[in-house]
Asker: 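This is the structure, below, for whatever I ask next.
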Amino acid sequence: EPEVTQTPSHQVTQMGQEVILRCVPISNHLYFYWYRQILGQKVEFLVSFYNNEISEKSEIFDDQFSVERPDGSNFTLKIRSTKLEDSAMYFCASSGTGGESDEQYFGPGTRLTVT
Amino acid sequence: GQSLEQPSEVTAVEGAIVQINCTYQTSGFYGLSWYQQHDGGAPTFLSYNALDGLEETGRFSSFLSRSDSYGYLLLQELQMKDSASYFCAVPTGGGNKLTFGTGTQLKVEL
């Protein structure tokens, strides 16, 4: 069964450093998403991406964050100048059509620890 | 804005039936989804209700009442492997965004 993959599984970085989290969505999917989950809390939407553009973003997704689809398979989340409060699990997801009933498939996540 | 409230924790014994409730307040509503998340793992899709009523998929069923802004996930014949967190979620922005509920941690005991 096709699946979303993410690398690395765990990233440790120092405050102020830049990190890039990588995702390979399911190959025939058109919509891509990033979510984050702070330990013990709910999953929070960050951004959705379609046709090489951001289609929606949350208030969390400020100028510190950016997304990119550098080639036909990868989807990346860049966090510039990381802060302690950026420590969380970051999930990438993809869906086929982006419709309301369309299932979003989540990757295994990258645990980001900012020290 | 959107808010979805769930009980924080539910405990049940193996073989029992458990119901996890979700009440929501949303601006614009298309339907209600349910996701399962094992510790440290990815959320996985369980069900989606667009219309009122009960949808059954094996041991899991999901119910929606749009007039009451309420839904629930029903798990039957509980197994130890069902111990996980369960989140209700609503798609918004035409499906471009999922807003998740507060999550319910289900503990299944022998």
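Chain identifiers are assigned alphabetically (A, B, ...) following the order of the sequence lines, protein sequences preceding nucleic acid strands; residue numbering begins at 1 within each chain. The shown structure was predicted, so the numbers you read here are calculated from the model rather than taken from an experiment. Just so it is clear, the values below take in all heavy atoms, side chains as well, and ignore hydrogens, waters and symmetry mates.
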Asker: Are A/Glu68 and A/Lys78 within salt-bridge range, i.e. N to O under 4.0 Å?
Answerer: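 Here A/Glu68 does not pair with A/Lys78 in a salt bridge, since their nearest N and O are not under 4.0 Å apart.
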
Asker: Classify the angle between the aromatic ring planes of B/Tyr35 and B/Phe45 as parallel (below 30°), tilted (30 to 60°) or perpendicular (above 60°).
Answerer: perpendicular

Asker: Side chain, backbone, both or neither: which part of A/Gln37 has a non-hydrogen atom closer than 4.5 Å to chain B?
Answerer: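 Interface part for A/Gln37: side chain.
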
Asker: Chain A heavy atoms under 4.5 Å from B/Gln105: which part of the residue, side chain, backbone, both or neither?
Answerer: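 It is neither, since no heavy atom gets under 4.5 Å.
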
Asker: Please confirm whether the ring centroid of B/Phe100 lies under 6.0 Å from the ring centroid of A/Phe45.
Answerer: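 No, the ring centres sit 6.0 Å or more apart.
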
Asker: Out of B/Ser85, B/Gly31, B/Gly101, which one racks up the most heavy-atom pairs below 4.5 Å with chain A?
Answerer: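 Top count of heavy-atom pairs under 4.5 Å with chain A: B/Gly101.
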
Asker: What part of A/Tyr35 lies closer than 4.5 angstrom to a heavy atom of chain B: side chain, backbone, both or neither?
Answerer: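 Side chain only.
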
Asker: Is the closest side-chain donor-acceptor distance between B/Gln19 and B/Asn21 under 3.5 Å?
Answerer: yes

